[in-house]
Number of protein chains: 2
Amino acid sequence: MGQAATIKDVAQRAGCGVATVSRVLNNTGPASAEMRERVLAAVDALDFQFSEVGRSLQSNTTRTIGCVVPSIENPVYADAVQGAQEVFRNAGYQMLLICTNYSPEIETNAIRTLVAKQVDGVLLTVADAQKSEGLDLVRSRRLPHSLLFNEAPDGEVSWSVGDHAAAALVADKFAMNNHKNTGFLALNFLNSDRARQRYEGFVEGCAKNAMAPPALLEVDDDGHDLTDHLRGFLHDHPDLTGIFASNDFLALATIRSARNLFIKVPQELSIVGFDGIKVGLMVEPSLATIVTAPRDLGAGAGQTILSLINGTSPPERPSKNSTFSFRAGGSLMPLPAESKDDGKVAAFPPSNDPTQKTA
Amino acid sequence: MGQAATIKDVAQRAGCGVATVSRVLNNTGPASAEMRERVLAAVDALDFQFSEVGRSLQSNTTRTIGCVVPSIENPVYADAVQGAQEVFRNAGYQMLLICTNYSPEIETNAIRTLVAKQVDGVLLTVADAQKSEGLDLVRSRRLPHSLLFNEAPDGEVSWSVGDHAAAALVADKFAMNNHKNTGFLALNFLNSDRARQRYEGFVEGCAKNAMAPPALLEVDDDGHDLTDHLRGFLHDHPDLTGIFASNDFLALATIRSARNLFIKVPQELSIVGFDGIKVGLMVEPSLATIVTAPRDLGAGAGQTILSLINGTSPPERPSKNSTFSFRAGGSLMPLPAESKDDGKVAAFPPSNDPTQKTA
DNA sequence: GCCCCCTGTGGAAACGTTTCCACCAATGGG
DNA sequence: CCCATTGGTGGAAACGTTTCCACAGGGGGC
């Protein structure tokens with residue numbers, strides 16, 4: 001049939017009241033076998049399906065959860081979103097997705113919209129969890145929510161990588177490989193609390209390991225022509241032996257830029273990334289990086305929201321230090337102790353060609 | 001305030017009827033300056049926002065569009081989804097996203113759910129556009145929709161790569177490089193009409209170029225241990241010089257598997273992919289592939305749906321042959337004419353190291 | 001034989017909007 | 001002076017559900 005049969009149509013065709021139809025279809029309350037039969041026949045004939053809109057109005061619940069992330073072009077977010085979406089689907093919830101493109105205004109509007117749509121909960125990765133208009137709105141409405149990738153300000157729920165600790169671990173790894181002078185490369189430093197936390201963790205880690213404070217290079221564009229930035233950066237800091245990039249894409253772009261500048265990676269410059277996207281294993285040299293589990297984080301955050309809605313006990317959160325691990329790779333090369341002129345000795349093969357596999 | 005103020009609360013506080021509040025806030029119909037003032041003050045005091053649920057029930061419209069894709073872990077779909085989502089956002093529509101994980105049952109359920117949610121339109125990438133229960137449902141409800149990546153069965157709207165023509169182009173490229181014996185590697189052959197169309201196009205292209213009919217290798221898992229499959233495949237077809245993989249991920253996995261089998265790519269085996277994901281440019285050798293514009297396809301499909309809803313004229317669709325192009329890469333190496341034993345001459349450098357740049 | 005309770009049923013209210021319509025006052029033209 | 005129009009306003013219906021309540025009939029316990 002063409003247009004949307006309603007419960008009234010079904011009732012009329014079955015020759016009963018709407019209440020009976022509702023009871024039969026929802027299996028709530030009694031109904032005679034014969035009536036049940038008639039109702040089901042009518043439903044079948046009319047191809048009837050309940051309107052969720054009517055239901056939502058009545059039940060004050062939409063079985064919909066909003067999800068706001070910067071962009072799903074980044075596989076980290078894509079994986080997390082998909083993980084959450086699966087959890088929602090299995091629980092009978094749908095997901096409204098909005099990508100902010102890292103824009104705080106879009107972020108605020110998105111959250112406002114989701115609130116107006118009466119979503120039952122929201123899953124948020126905001127630009128800055130310390131001052132987010134949208135987050136404030138969510139709080140004031142007491143809407144079930146969970147932060148994702150953002151570090152929670154106070155006792156709030158969040159599923160995040162331990163950015164600070166992970167970045168400190170990167171400093172440890174640089175130190176273990178005798179690097180003293182490193183740089184930190186950040187995209188969107190101002191608009192991302194994650195990048196800032198990674199920077200702070202890295203600075204602390206460098207200090208702890210008696211390394212020089214890392215030089216900071218901030219880029220704002222999407223880094224196609226990272227080459228010019230890198231040239232200037234290395235010119236200003238000629239003694240750098242390693243760069244920690246705030247995410248894997250940036251790290252890969254840096255490797256390519258270095259190649260354009262005829263700088264050998266890792267022989268002349270080591271690179272470490274953050275996120276652990278699969279691609280890092282496919283490139284040459286393979287990318288040393290912090291590996292995270294975005295899908296699990298997304299799923300966990302999704303479950304948290306569901307438990308908030310249902311009042312059930314929330315899922316166990318992994319301890320801050322088990323949400324990441326360091327993955328060795330050819331892009332990080334050890335320097336000889338107390339010298340940085342020559343880097344022939346490799347703890348990890350700079351190639352992932354198995355014909356050269358050493359381990 | 002804690003819980004959701006309604007229009008009645010506003011009316012009461014402003015000392016007027018609900019109709020007046022509605023008129024003021026929607027700028028529909030007259031209202032005195034003083035009343036306008038009072039209403040706005042009340043809205044401000046109560047932090048009032050319209051409930052979209054109430055609105056939807058009344059207007060029979062939800063300003064929501066459903067989107068069903070196999071998975072956003074694949075950047076092709078992720079980009080397309082994001083492109084569509086942006087179009088929707090700019091038009092004041094939100095997007096419900098469901099990933100099917102390539103499962104037809106989930107696909108059917110997803111579409112059913114979206115219909116029940118009264119979405120104003122749907123954007124679909126189905127497993128098989130020829131026989132899709134969900135698609136049938138959408139058609140019978142006359143719900144505005146557009147297919148994405150699927151070839152439309154008849155006069156229906158779809159935004160797709162010209163899979164058939166693109167695959168034929170790949171055959172041309174193999175032929176131009178003197179390959180005669182090739183294989184086609186497909187994931188989920190049974191569950192994806194795209195893979196089938198690419199296969200058919202490739203078969204036709206091979207025939208047109210007087211090449212041997214391609215050998216077909218079908219894998220069903222997500223291809224971590226493609227190595228065993230590849231070993232068997234090459235054993236059964238020892239004269240293969242090139243493999244066309246039905247998507248880039250599969251192509252990259254094939255390259256890695258070949259490496260595990262000590263088979264040099266491209267010297268001993270050429271690989272061509274499909275999709276043109278960015279990663280293909282980062283690997284070594286760079287991946288020869290069909291480049292597509294998923295983001296544009298997603299945006300176009302999104303606009304098509306909006307125009308269907310609004311009755312405006314639909315966006316121009318690019319001609320079937322301009323939706324893709326071939327990207328040369330080091331993974332496809334020319335063979336000497338009339339011989340396949342030695343492949344020293346490279347039309348494209350097998351490395352993307354700029355120090356070896358020849359062009 | 002009476003009352004109570006249980007099963008089966010339908011009417012109607014409520015959810016939050018928009019919009020049609022009716023009403024009132026004021027104003028202007030005849 | 002009266003009538004028609006216009007601007008400003010509120011009541012109420014409608015959208016599609018769920019659920020409370022009332023009601024009818026029947027069976028069983030006393």
Side-chain angles (χ1 to χ4, degrees), chain A residues 1 3-40 42-43 46-64 92 113-120 141, chain B residues 1 3-40 42-43 46-64 92 113-120 141:
Chain A
M1 278 296 141
Q3 288 306 61
T6 78
I7 197 176
K8 283 185 192 164
D9 302 325
V10 176
Q12 189 167 7
R13 191 172 229 273
C16 66
V18 291
T20 304
V21 176
S22 177
R23 274 192 300 262
V24 169
L25 262 34
N26 294 312
N27 254 325
T28 159
S32 68
E34 189 229 345
M35 189 57 91
R36 203 174 291 273
E37 184 86 2
R38 293 219 313 265
V39 168
L40 291 179
V43 164
L46 297 172
D47 198 20
F48 171 76
Q49 224 182 338
F50 279 122
S51 158
E52 287 298 327
V53 176
R55 275 192 159 159
S56 293
L57 183 59
Q58 149 69 28
S59 66
N60 205 28
T61 213
T62 54
R63 298 196 84 77
T64 302
T113 302
L114 291 175
V115 169
K117 284 240 168 174
Q118 314 263 89
V119 293
D120 293 341
R141 298 268 170 157
Chain B
M1 277 295 143
Q3 290 308 59
T6 78
I7 198 175
K8 283 184 192 165
D9 301 325
V10 176
Q12 188 166 9
R13 190 173 230 272
C16 66
V18 291
T20 304
V21 176
S22 177
R23 274 192 301 262
V24 169
L25 261 35
N26 293 313
N27 255 324
T28 160
S32 67
E34 188 227 346
M35 189 55 91
R36 202 174 292 273
E37 184 86 3
R38 293 220 310 267
V39 167
L40 292 179
V43 164
L46 296 172
D47 199 17
F48 171 76
Q49 225 181 335
F50 279 123
S51 158
E52 287 297 328
V53 176
R55 274 192 160 160
S56 294
L57 183 58
Q58 149 69 28
S59 65
N60 204 28
T61 214
T62 54
R63 297 196 84 77
T64 303
T113 303
L114 291 175
V115 169
K117 284 240 169 174
Q118 314 263 91
V119 293
D120 293 341
R141 298 268 170 160

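Since we're looking at a predicted model, the values are computed, not measured. In what follows, chains are A, B, ... by sequence order, proteins preceding strands, each numbered from 1.
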Close N/O contacts between protein and nucleotides 24-28 of chain C (under 3.5 Å):
none

Under 4.0 Å protein heavy-atom contact, by nucleotide of nucleotides 7-16 of chain C - B base, S sugar-phosphate only: -BBBB--BBB
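- No donor-acceptor pair under 3.5 Å is formed between the side chain of B:Thr61 and the backbone N or O of B:Ser56.
- The distance from atom CG of A:Leu57 to atom CD of A:Gln118, rounded to the nearest 0.5 Å, is 9.0 Å.
- Each salt bridge (charged side-chain N to carboxylate O under 4.0 Å, His left out) pair with one or both residues in residues 53-63 of chain B, not counting sequence neighbours, appears once here: B:Glu52-B:Arg55.
- Distance check, rounded to the nearest 0.5 Å: OG1 of B:Thr20 to CE of B:Met35 gives 5.5 Å.
- Taking the screw axis at each terminus of the helix from C:dG1-D:dC30 to C:dG30-D:dC1 from five consecutive base pairs, the angle between the two is 60° to within rounding of 10 degrees.
- Legend: residues meeting side chain to side chain donor-acceptor pair (under 3.5 Å) with A:Ser22, ordered by chain and number and at least two apart, are A:Asn26.
- Rounded to whole Å, atom P of D:dT18 lies 8 Å from atom CG of A:Leu25.
- Residues satisfying the side chain to side chain donor-acceptor pair (under 3.5 Å) criterion with A:Thr6, sequence neighbours excluded, are absent altogether.
- Here the closest non-hydrogen pair linking B:Asp9 and B:Ala4 is OD2-O, 4.3 Å.
- The CG atom of B:Leu25 sits 11.5 Å away from atom OG1 of B:Thr28, with the distance rounded to the nearest 0.5 Å.
- Although no hydrogens or angles enter the test, the distance criterion places no donor-acceptor pair under 3.5 Å between the side chain of A:Arg13 and the main chain of A:Ala42.
- Counting non-hydrogen atoms of neighbouring residues, nucleotides and ligands closer than 6.0 angstrom, the CD atom of B:Gln49 exceeds 12 such neighbours.
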